[in-house]
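In what follows, chains are A, B, ... by sequence order, proteins preceding strands, each numbered from 1.
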Protein chains: 2
Amino acid sequence: MAGKRAPGPQGGLSRERVLRSAVAIADERGLAALTMRSLAETLGVEAMSLYHHVANKEAVLDGLVEVVMAEIEAAVGGLVAPEPEDDWKTAMRMRVLAAREVLVGHPWAPRVFETRTGTSLPVARYFDGVLGLMRRGGFSYELGHRALHALGSRALGFSQELFEPDGVEAPEEAVAAMAEQVPHLVAMIADASHGGALLGWCDYQAEFEFGLDLILDGLERLRSEA
Amino acid sequence: MAGKRAPGPQGGLSRERVLRSAVAIADERGLAALTMRSLAETLGVEAMSLYHHVANKEAVLDGLVEVVMAEIEAAVGGLVAPEPEDDWKTAMRMRVLAAREVLVGHPWAPRVFETRTGTSLPVARYFDGVLGLMRRGGFSYELGHRALHALGSRALGFSQELFEPDGVEAPEEAVAAMAEQVPHLVAMIADASHGGALLGWCDYQAEFEFGLDLILDGLERLRSEA
DNA sequence: ACCTGAACACCGTTCAAGT
DNA sequence: ACCTGAACACCGTTCAAGT
């Protein structure tokens with residue numbers, strides 16, 4: 001049925017094809033490189049053709065969230081985790097870390113999430129699942145609600161690092177340049193490197209898990225006390 | 001000495017005047033309204049004149065961080081808090097909440113922080129102070145380091161909320177529209193409103209403090225066990 | 001129905017020119 | 001030294017026109 005005369009682009013546009021290309025551009029060239037014009041060019045089409053499949057650029061960004069959330073749901077769905085009734089903390093931990101693994105493939109995703117906090121259905125669905133897990137683990141709705149806030153973006157696998165976003169810059173060097181202005185940070189780095197080399201001393205995965213466990217442990221304490 | 005003939009703008013530009021205006025625009029009209037052209041207009045000058053006082057727009061955004069951090073440092077400096085040696089947790093809590101109070105006056109600030117995680121001296125100085133507080137409170141450098149990561153942006157008074165950024169949209173209505181797609185969220189809201197009206201049931205300040213205390217309590221536990 | 005070309009109203013920024 | 005006008009290379013988006 002398809003495939004008579006190619007209608008300009010290769011095989012006809014569609015919302016799915018547009019979003020797939022948008023993800024590819026963001027993955028390969030960064031979010032800043034994703035413009036309606038670059039997106040069109042990737043698809044072998046004029047920029048204005050895109051508007052037949054997406055309302056505007058905002059809709060493209062919404063679609064990006066949709067794609068990433070679908071990947072996360074798929075990863076979570078494939079998990080072999082304990083039943084929340086037996087061990088909600090492990091179940092939750094695995095879920096969050098699975099989400100995080102998806103995000104490492106899309107380093108631009110947190111920045112996109114941050115700009116469309118409005119109310120995205122895919123994101124709401126994910127948090128609904130998280131809440132459901134906690135309910136099965138014995139949380140009241142009230143504690144579950146607070147837990148959602150306490151976790152925030154961590155439930156999706158990322159946290160706002162104020163230093164070094166994409167691992168581009170070595171914080172040690174930057175801190176060294178500030179030297180006497182930040183004595184404690186300097187001492188901290190000196191302490192961490194106790195004699196040896198200090199390459200890559202910030203293990204972001206480990207730090208993420210530390211923060212996650214700190215919160216999950218706190219929540220479990222409150223849950224079991226209730 | 002000054003005040004002979006007005007040199008075009010009212011009294012001459014300066015980096016300080018440019019940044020002050022930039023903050024005013026962001027406060028009053030939002031971050032999106034802050035363009036080099038709008039900034040210039042506010043100052044009664046042509047856009048290109050700005051480049052004599054700031055390198056480019058990135059430098060303006062860096063300056064925004066500088067201004068906000070100076071306000072935070074001032075607020076923290078004016079605090080009457082316990083000595084960290086006596087009660088680090090209260091000292092920290094007060095510091096973070098003081099920072100948060102500054103941020104409510106600049107709702108755009110988190111978004112700006114998020115885009116310049118590189119290494120900002122004012123931000124680094126703030127975290128240096130936080131680390132110093134924890135050191136005085138009995139933290140090892142190692143635990144202090146982990147604590148900085150665990151707190152992340154919370155140390156500066158904000159956390160990434162994935163729903164409802166600026167309190168514009170009522171999550172209840174949005175959730176209601178999704179209805180059967182998010183059953184747990186719907187039930188949670190129903191539970192929270194147990195009969196009464198549910199206006200503004202998300203108390204962001206309370207939720208922020210809950211999450212903060214969860215982390216601080218967890219850290220204190222680890223500190224005292226060490 | 002879908003795609004296009006030209007155009008509009010914006011951006012940040014450069015450059016040569018003014019005083 | 002500081003400010004300006006015109007221009008450049010981009011944006012997202014509208015609109016009338018093509019097929």
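Side-chain contact of B/Gln205 with B/Arg100: a donor-acceptor pair under 3.5 Å is present, judged by distance alone.
In the set D/dT14, C/dG12, D/dC3, the nucleotide with an atom closest to the side chain of B/Tyr51 is C/dG12. Picking from D/dT4, C/dT13, C/dG5 the nucleotide with the shortest atom distance to the side chain of B/Ala47 gives C/dT13.
Partners of B/Phe127 by ring pair (Phe, Tyr, Trp, His ring centres under 6.0 Å), not counting sequence neighbours, listed by chain and number: A/Phe163. Shown here are the side chain to side chain contact (heavy atoms under 4.5 Å, CB included) partners of B/Val65, two or more places apart in sequence or in another chain: B/Met69, B/Val112, B/Phe113, B/Arg116, B/Ser120, B/Val123. Here B/Tyr126 pairs with nothing under the ring pair (Phe, Tyr, Trp, His ring centres under 6.0 Å) rule; sequence neighbours left out.
Rounded to an integer number of Å, the gap from A/His52 NE2 to D/dG12 P is 17 Å. To the nearest angstrom, C1' of D/dG18 lies 13 Å from CD of A/Glu46. The nearest whole Å value for the distance from the CD atom in A/Glu41 to the P atom in C/dT4 is 13 Å. For the pair A/Met48 CE and C/dA6 C1', the interatomic distance rounds to 9 Å; values are reported in whole Å. Nucleotide C/dC3 holds its P atom 16 Å from the CZ atom of A/Arg15, rounded to whole Å.
Separating the NE2 atom in B/His184 from the CD1 atom in B/Ile189 is a distance of 13.5 Å, to the nearest 0.5 Å.
Residues A/Asp128 and B/Pro183 approach most closely at OD2-CD, 3.2 Å, considering heavy atoms.
In secondary-structure terms, DNA chain C builds stems of at least 3 consecutive Watson-Crick or G-U pairs, each pair having both distances under 3.5 Å, at C:4-8 with D:12-16, C:12-16 with D:4-8.
Across residues 25-40 of chain B, B/Thr35, B/Met36, B/Arg37 each have a non-hydrogen atom less than 4.0 Å from an atom of DNA chain C (numbered order).
With hydrogens and angles disregarded, a donor-acceptor distance shorter than 3.5 Å links the side chain of A/Thr42 to the backbone of A/Ser38.
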Side-chain donor-acceptor contacts of residues 24-33 of chain B below 3.5 Å, not counting sequence neighbours, with atom names and distances?
| from | atom 1 | to | atom 2 | distance (Å) |
| --- | --- | --- | --- | --- |
| B/Asp27 | OD1 | B/His106 | ND1 | 2.8 |
| B/Asp27 | OD1 | B/Trp108 | NE1 | 2.6 |
| B/Asp27 | OD2 | B/His106 | ND1 | 3.3 |

